[in-house]
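Notes for the one structure printed next.
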Amino acid sequence: MKILLVLSVLLCAALSIRAATVVVAEAAAVPQENKPAPESEMDAAIDVADGRGPARHQARFDFCLDGWHSFRGNCYFLTNQAYSWSSAEILCLAAARALASVHNVLEYNFLQRLVKTGGHTFAWIGGYYFQGFWRWEDGSAFDYTNQGSMSSTSNCQCLRVNSQTSNGWSNNVCTLSYPFVCQIKTNC
């Protein structure tokens with residue numbers, strides 16, 4: 001077990017060094033006036049707003065399996081079959097994944113596009129209401145909210161993404177069936 005842990009740490013370190021080397025080499029190869037713009041105007045605005053200045057190169061890996069979609073270091077999969085929230089949770093967990101959690105507007109917009117591209121208006125994500133608080137099924141902090149029309153939490157305790165561009169997420173009865181989005185966090 002110790003050997004496996006040591007090998008995992010070494011692999012992560014090697015991949016990080018390799019990715020940083022590739023990013024630096026790519027940055028050096030691009031003439032200053034031809035450098036690509038940030039992925040979106042929102043990326044540039046966030047970079048300036050949080051004091052980091054212009055967008056910096058970051059090592060990002062695209063190790064997602066076929067059919068999965070990479071976004072900012074995570075992999076996402078939209079299941080087109082409709083299931084209840086708890087069934088979706090079980091199906092994601094059975095594959096060592098979790099229902100998607102959302103921690104900023106960029107992630108939410110990505111999930112909206114993913115669900116809309118799949119031809120759906122709604123899809124389950126990993127938010128649920130328990131003991132007076134909203135939580136993410138993957139255990140991460142519920143540190144971002146993007147509420148659209150919310151119903152009473154007494155019987156609508158599960159979150160779904162709304163693929164309509166101007167709408168935030170909403171809650172609904174967990175036993176209803178919707179497609180769902182699984183997520184793999186690929187960061188070492």
Side-chain angles (χ1 to χ4, degrees), residues 19 23 35-83 85 88-89 91-92 95 97-129 133-151 153 156-172 174 176-187:
V23 169
K35 282 195 175 183
E39 290 178 19
S40 70
E41 291 178 25
M42 184 65 75
D43 285 346
I46 287 173
D47 288 341
V48 170
D50 72 6
R52 291 187 293 161
R56 292 187 233 161
H57 288 285
Q58 294 180 349
R60 294 186 186 167
F61 302 109
D62 289 328
F63 292 136
C64 296
L65 300 171
D66 286 341
W68 288 72
H69 303 273
S70 175
F71 184 75
R72 295 190 159 223
N74 295 321
C75 298
Y76 299 87
F77 185 82
L78 172 66
T79 299
N80 288 306
Q81 289 184 285
Y83 291 93
W85 190 93
E89 176 188 30
L91 290 167
C92 284
R97 278 76 172 161
L99 283 169
S101 58
V102 182
H103 300 283
N104 59 57
V105 69
L106 298 175
E107 286 179 346
Y108 188 71
N109 290 340
F110 168 78
L111 291 176
Q112 284 183 304
R113 286 189 307 272
L114 181 64
V115 171
K116 188 171 190 164
T117 301
H120 308 289
T121 303
F122 298 106
W124 289 126
I125 54 177
Y128 65 98
Y129 192 79
F133 297 97
W134 284 102
R135 304 165 190 265
W136 290 118
E137 182 256 338
D138 66 4
S140 61
F142 202 91
D143 54 3
Y144 169 75
T145 58
N146 188 353
Q147 298 177 346
S149 59
M150 296 293 281
S151 302
T153 54
C156 297
Q157 299 180 337
C158 296
L159 288 183
R160 61 187 185 169
V161 65
N162 186 333
S163 69
Q164 305 308 305
T165 306
S166 62
N167 292 324
W169 61 52
S170 59
N171 59 331
N172 211 326
C174 301
L176 293 176
S177 294
Y178 292 105
F180 59 94
V181 182
C182 289
Q183 172 182 356
I184 302 171
K185 295 185 186 249
T186 58
N187 300 334

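These figures come from a predicted structure and were not determined experimentally. Basis for what follows: all heavy atoms, side chains included, without hydrogens, waters or symmetry-related copies.
W134 places a side-chain heavy atom less than 4.5 Å from the side chain of L159. With contacts defined as side-chain heavy-atom distances shorter than 4.5 Å, the pair L78/V181 qualifies. Looking only at side-chain heavy atoms (C-beta outward), L111 and V102 come within less than 4.5 Å of each other.
On the SG-SG cut-off of under 2.5 Å, C174 and C156 do not qualify.
Judged by distance alone, the side chain of Y108 and the main-chain N or O of W169 form a donor-acceptor pair under 3.5 Å. Checking side-chain atoms of H103 against main-chain N and O of A141 turns up a donor-acceptor pair under 3.5 Å. With hydrogens and angles ignored, the 3.5 Å screen pairs no side-chain donor or acceptor of S70 with any backbone N or O of C64. Between the E89 side chain and the W85 main chain, no donor and acceptor come within less than 3.5 Å of each other. Within the 3.5 Å criterion, the main-chain N or O of S101 finds a donor-acceptor partner in the side chain of Q183. Put simply, the side chain of Q112 gets close to the backbone of Q164: a donor and an acceptor are under 3.5 Å apart.
Note: M150 CE to N172 CG = 10.0 Å, rounded to the nearest 0.5 Å. Taken from CD1 in I125 to SG in C182, the straight-line distance is 12.5 Å, to the nearest 0.5 Å. The line from OG1 of T79 to CZ of F180 is 3.5 Å long, rounded to the nearest 0.5 Å. Taking CG of L114 as the start and NE2 of H69 as the end, the distance is 5.0 Å to the nearest 0.5 Å. To the nearest 0.5 angstrom, S149 atom OG is 7.5 Å from N162 atom CG. For the atom pair NZ (K185) and CG (D138), the distance works out to 4.5 Å, reported to the nearest 0.5 Å.
Nearest heavy atoms, L99 versus A88: CD2-CB, 4.0 Å.
By the 30° and 60° cut-offs, the orientation of the rings of W124 relative to Y178 is perpendicular. Classification of the W68-F77 ring pair by plane angle, with boundaries at 30° and 60°, yields tilted.
Aromatic ring centres of F110 and Y76 lie closer together than 6.0 Å.
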